[in-house]
Every structure is written in structure tokens, then in C-alpha cells.
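What follows is a short report on a single structure.
As a basis for the values below, the full set of heavy atoms in this structure was taken, side chains included, without hydrogen atoms, waters or symmetry mates.
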Amino acid sequence: MQSSTYHIGEAGKAWGSDEKAQWLAQTTIKRSYLEQVVTKIDALKNDFDVTQYGALSYAPDKYPLFAIKTRDWDSNKPTILITGGIHGYETSGVHGALAFAALEAKHYSDDFNILIAPCVSPWGYETINRWNPNTVDPNRSFIPNSPAEESAALMRLVQEQKTAFLAHIDLHETTDTDESEFRPALAARDGKEYIEDSVPDGFYVVGDTENPQDAFQTAIIDEVRHVTHIAPPDDNGNIIGEAITQEGVINYPLKALGLCASVTGALYTSTTEVYPDSPRVTEEECNMAQVAAIKGALDYLKQHVK
């Protein structure tokens, strides 16, 4: 393993306000949330209830937050949450959620109430960043008094539903830039040494250490393998430093880490991880892998949960 020094800050010293400002100053807008995401949300209004559940204070007009709901909600049906774009740079999480809404959600609406938040971090989407402008990771911020307004807004949305959730599928990607940019930046921000790791080549999911639901994760993996390849473990039997529990599955303590998949307290949760940098997949296949993951989860619930 080799260590690496990030270009901002001093080795071994956590960032202060100057370093955080330097990091923010290097960010640039690279794509349009309003043009690429909100237009797709608007196109769903004839078939779904689309509501604005907040707006980011960085630029409220540019970064409204939208949720998509299936119609004819029924308290007798179980409720499902689907989230994308917690990390805005993870593109297929956003467009996979939108593709599921456009192509598949109505097919499941007789059995489930479905709530979709397709792009939780639109500033991150535009700047292709993991963090928000305050160098805070929204996916470690699903905690009381959250330091990330993106996370706080989603938590309010969940609470406002005033219902229990059966399942939550949180759509993510693992990319080459995790190792080339985001993990080195994290180590530098926190004044820690960065130790290189490998990026898994393929799709995998993260379950909950406290509530793994192995058969549920298997159903997701088996559906996705029709679209893209499943990530093998590294030479130590790990994926991103965690031991696999079955093919393509690792577990994290979701609530202890403040991860998005803990936000509902649902019995069934899974965080998907698509690998878009593989030469074996296209952008469309990445989006459809996310759709397949949701379908695999919902088909399992239809069959096994009464």
C-alpha cells in the first residue's frame, strides 16, 4: 500500500476554514441539474404526483428538491423509498431512479406506495462532487441536527409521509475517482493518512450489519446480473475493505455511520453500487442496472412479504 498527499492542506493536519474555502474555490459547474434532471421530473407529472420538498440554500432557484410519488396511495399497501444522487457525482443513481419512475414504477403501484427522491444533492450533481459546498458528505449525515441540508431535507420528507416504510433502495456508484480524488480528499480534510485501495470492477450492494436480509440482497444481485457483471472480491476476499457475505454483497452498520439507507428504519434496505468506469458497460446499462436492482427488490417483496 502507498500513501498519497492531497494538494490542499498539510499532511496530518485537519482542514480549517481556509482549506475548505480553497477546496470550494476549485469546484466548477460541469453540467446542468435543471436541464438534465428537472426536465425529466417534469415529464412525469402526468402520471405521478411531483412535489417540491425543499431547495438548497446555496442557490434555491437552481437547486429545488423534488419527490415523485405513485398515485392512489393506500394505507393497506406497503411503502417503498427510492433515493438517488445522495452523492451527486454518482450519475446512474440519479438517472436510474428516473428511469425506474418512467419505465417501471406504475407496474408496481398496485402493490406498493412508492416515493422517489431522484437527486438529493443537485449541487453535487452539477459539480460532480461527493461532498456539498461545506465539505460535508451527505451520506454520513443522516443524523439528528444533520450538518448537511441535503440530508436534513430528505429526513423531513420521510417524516412528513407519516407512514412506516417496508423497504428503501438507495442508488449509488463506486467510481475510479473514489480512489483518485474523493478518498484522498477525505483523508486530507480529516488530517489522516490516505491508504490506497482497489476499485471493484462490477456491481455490488451494501446491506445492514444489524439487519442484513441476505435473501433480499441475493434477489437484487440475481436481477442485476442480467444487465451487468457482479464485482468479484479482491485477493483478501473483500470489497472496498469489507468482507463479502455472499457474491456481490457486503454489510455496513448503516445507522451508526449515518448512512442514507438508515433514514426510514425500514426492514429491507440495500445500497446499490454500480461501476460506470468499466469498459464492459455503457451509460445506459448503468442506468438499467439500477432499474434492475429496484425490480429485483420489489419482486422479492411481492413474493415473500405478505
Side-chain angles (χ1 to χ4, degrees), residues 37 41 44 48-57 60 63-88 90 93-94 96-98 100-101 105 108-109 111-125 132 136-172 205-208 210-211 213 216 252-272 290 293-294 297-298 301 305:
V37 179
I41 296 172
L44 297 169
F48 299 89
D49 292 332
V50 174
T51 60
Q52 182 176 339
Y53 67 92
L56 299 185
S57 66
Y63 302 129
L65 301 169
F66 292 104
I68 302 160
K69 296 176 68 172
T70 51
R71 291 182 173 154
D72 301 321
W73 274 45
D74 183 343
S75 61
N76 294 315
K77 294 189 294 190
T79 302
I80 311 296
L81 176 64
I82 298 165
T83 48
I86 309 300
H87 293 141
E90 296 172 7
V94 176
L98 292 168
F100 174 79
Y108 289 94
S109 61
D111 297 289
F112 303 104
N113 305 313
I114 302 174
L115 174 66
I116 304 171
C119 190
V120 174
S121 297
W123 182 87
Y125 180 86
N132 70 15
V136 173
D137 185 342
N139 202 36
R140 297 297 186 276
S141 302
F142 288 89
I143 56 176
N145 301 311
S146 176
E149 60 184 87
E150 297 87 349
S151 309
L154 184 65
M155 289 190 288
R156 287 194 299 271
L157 175 67
V158 168
Q159 292 165 359
E160 288 166 359
Q161 305 313 305
K162 301 186 185 305
T163 189
F165 285 79
L166 175 64
H168 176 191
I169 312 302
D170 188 25
L171 309 179
H172 284 255
V205 296
V206 182
D208 188 354
E210 307 303 322
N211 178 34
Q213 297 292 347
F216 177 67
Y252 273 2
L254 302 181
K255 190 170 183 63
L257 293 176
L259 298 177
C260 181
S262 71
V263 70
T264 63
L267 182 61
Y268 295 93
T269 65
S270 190
T271 301
T272 69
Q290 303 283 22
I294 302 167
L298 297 186
L301 297 174
V305 179

Can you list the residues that meet the side-chain contact (heavy atoms from CB on, under 4.5 Å) rule with Glu210, with sequence neighbours excluded?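 Glu210 satisfies side-chain contact (heavy atoms from CB on, under 4.5 Å) with Asp208 only.
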Residues that Tyr63 engages under side-chain hydrogen bond (donor to acceptor under 3.5 Å, both in side chains), provided they are two or more places apart: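 So Tyr63 forms a side-chain hydrogen bond (donor to acceptor under 3.5 Å, both in side chains) with Glu126.
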List the residues meeting side-chain hydrogen bond (donor to acceptor under 3.5 Å, both in side chains) with Asn211, not counting sequence neighbours, and say none if there are none.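 side-chain hydrogen bond (donor to acceptor under 3.5 Å, both in side chains) check on Asn211 returns Gln213.
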Would you say the side-chain atoms of [X] pair up with the backbone N or O of [Y], donor to acceptor, closer than 3.5 Å?
{"X": "Ser151", "Y": "Phe142", "value": "no"}
{"X": "Asn113", "Y": "Thr70", "value": "no"}
{"X": "Glu150", "Y": "Asn132", "value": "no"}
{"X": "Lys77", "Y": "Asp72", "value": "yes"}
{"X": "Ser121", "Y": "His87", "value": "no"}

Can you name the nearest heavy-atom pair linking Arg71 to Phe48, along with the distance?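 In terms of heavy atoms, the two residues are closest at NH2-O, 2.9 Å.
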Atom [atom1] of [X] and atom [atom2] of [Y]: how far apart are they, to the nearest 0.5 Å?
{"X": "Thr83", "Y": "Ile169", "atom1": "OG1", "atom2": "CD1", "result": "8.5 Å"}
{"X": "Leu257", "Y": "Ile143", "atom1": "CG", "atom2": "CD1", "result": "11.0 Å"}
{"X": "Gln290", "Y": "Phe100", "atom1": "CD", "atom2": "CZ", "result": "12.0 Å"}
{"X": "Met155", "Y": "Glu160", "atom1": "CE", "atom2": "CD", "result": "12.0 Å"}

